There are 2 protein chains.
Amino acid sequence: MDVDAIKRTLEGSGLRCTPQRYAVMAFLMEHPKHPTAAEIFQAVNRLDPRSSRATIYNNLSDLVRAGLVREVAVEGRAARFDAKGMRHHHFICDRCGNVEDMEWYDVPKPASGSLGKRVLRECELIFRGLCTKCAPRHASR
Amino acid sequence: MDVDAIKRTLEGSGLRCTPQRYAVMAFLMEHPKHPTAAEIFQAVNRLDPRSSRATIYNNLSDLVRAGLVREVAVEGRAARFDAKGMRHHHFICDRCGNVEDMEWYDVPKPASGSLGKRVLRECELIFRGLCTKCAPRHASR
DNA sequence: TGAACTAATTAGATTATATCTAATGTGAAA
DNA sequence: TTTCACATTAGATATAATCTAATTAGTTCA
Ligand SMILES: [Mn+2]
Ligand SMILES: [Mn+2]
Ligand SMILES: [Zn+2]
Ligand SMILES: [Zn+2]
C-alpha cells in the first residue's frame, strides 16, 4: 500500500498523519488478519518509532471513530481490529475465537417501522461456528 | 414463568437445577433487558440464596454452552446475556452500548462454497446506530 | 441408611483487557 | 519565535472475567 495513499486517507478524515498513527493504519491494511491491540502494539514496535500502549489504543479509537477501522468484539477475548477495505462479513469461531472474512452479500434492512426513532448506521452479519482448523475436532471434546 | 418449566428446561439440557442456576435462568427470562453478569449478580443476591460471582459466571457459561442463553459481546463493555426465547435480532447503540431487541426476519445464509470446511452454527444480524435515547443528541456532540 | 463419588459453590487471588492521568513533546500557524 | 491544539508517554488505575483450592450438596448404589 502506498505511503501517500494512507497519508491522504488519514488526513481526509481529519486525522494528523503522525508516525504512530500511520504505523497502526499501515499495519492493519497490510495484515487483514484482525489483530488485537496487543498484537498491533508488538508488531509496530518491532520497527521504530516505538508507540506506547496508550497511543495504540488512542489511535485505534480515533481510526474507529473516523470510520476507517472496524472493531470486532469477541466474547471473552480481546477486541480485534480490521481496516475497512472491501465490504465483507465475518465468521467467528466458537472454539478459538478467530475472526475470518467472508464474501460480502447484501443484507436485508429492517422494516423502517421497527426502527422507531433509532438511527441506523449499519447492519452487521456475523457467522458463527467452527473454523477450518477447529471443525475436525468437532465430534471429540 | 412457571417454576417447573424452568426446571424442566434446565434438566432437559443436562443441567442440574440448583438454586443458583435456577435464579440466573429465571432472572434472565423475567428481565429480557440484556443484563451484564454484574447486574445479574446483584439482582439474584437481593433475594436468597446468595450466589458468588464465580457461580454467576459459571452458570452463565453453562447456560450459554447448553444453548439456553445467548451472550452478546459489546465493544469496550461488559458482555450482556439474553435468555433465548423468541428469535430476534439486536440493535446495539454506538453511544450508550445498550442492546435492544429487534423483530426477527430471515437472514440469507452464505453460499455453501464460501464456507469451505467451516461448520456454520448460526447467522447473527446486528444493527448498529443510535438508540431512541441517544438519537436526539445526534447532531450535537 | 450411609459410604463413595461427582457436580456445584465459594471467597478471594489472579489475570487480562482497557482506560486514565499528568507531564512532556511536536508541528503548524500567527 | 511564540503559541496552541493535538499527540504521545509511562505507569497507575479501573474493569471484566477466570482461576484456585477448599468446601458443600446431591446422587448412586451397596
Ligand atoms: Mn475482516
Ligand atoms: Mn435480546
Ligand atoms: Zn477455530
Ligand atoms: Zn444509546
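Chain identifiers are assigned alphabetically (A, B, ...) following the order of the sequence lines, protein sequences preceding nucleic acid strands; residue numbering begins at 1 within each chain. None of the values given here were measured: they were computed from a predicted structure.
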Query raised in the report: With sequence neighbours excluded, what pairs up with B/R77 under the side chain to side chain contact (heavy atoms under 4.5 Å, CB included) test?
Result: B/V74

Query raised in the report: Can you list the residues that meet the side chain to side chain contact (heavy atoms under 4.5 Å, CB included) rule with A/D4, with sequence neighbours excluded?
Result: A/D2, A/K7, A/R8

Using modelled atom types and a 3.5 Å cut-off, is there a donor and acceptor pairing between side-chain atoms of [X] and backbone atoms of [Y]?
| X | Y | answer |
| --- | --- | --- |
| B/Y22 | B/L10 | no |
| B/N45 | B/S51 | yes |
| B/H88 | B/M86 | yes |

Query raised in the report: Is B/K33 atom NZ crowded by more than 12 heavy atoms from other residues, nucleotides or ligands, each under 6.0 Å away?
Result: no

Query - Over 12 foreign heavy atoms within 6.0 Å of CD, A/E103 - result: no

N/O to N/O distances under 3.5 Å, protein versus nucleotides 15-18 of chain C:
| residue | atom | partner | partner atom | Å |
| --- | --- | --- | --- | --- |
| C/dA18 | OP1 | A/A79 | N | 3.0 |
| C/dA18 | OP2 | A/Y57 | OH | 3.0 |
| C/dA18 | N6 | A/R53 | NH1 | 3.3 |

Query raised in the report: So what does B/T55 touch, heavy atoms closer than 4.0 Å: a base, only the sugar-phosphate, or nothing?
Result: base

Query raised in the report: Do A/D101 and A/H89 get their side chains close enough for a donor-acceptor pair, meaning under 3.5 Å?
Result: no

Requested in this report: Could you list where the contact with chain A starts and ends along DNA chain D, reading 5' to 3', using a 4.0 Å heavy-atom cut-off?
Outcome: D/dC6 to D/dA12

Query raised in the report: What is the per-nucleotide protein-contact pattern of nucleotides 22-30 of chain C, from the 5' end, where B denotes a base atom under 4.0 Å from a protein heavy atom, S denotes such proximity for sugar-phosphate atoms only, and - denotes neither?
Result: ---------

Report task. Would you mind listing every side-chain hydrogen bond (donor to acceptor under 3.5 Å, both in side chains) that reaches into residues 110-119 of chain B, with sequence neighbours excluded? Result -> A/E100-B/R118

**Report entry** Distance, nearest 0.5 Å, that separates CG of B/L68 from OG1 of B/T9
**Finding:** 7.0 Å

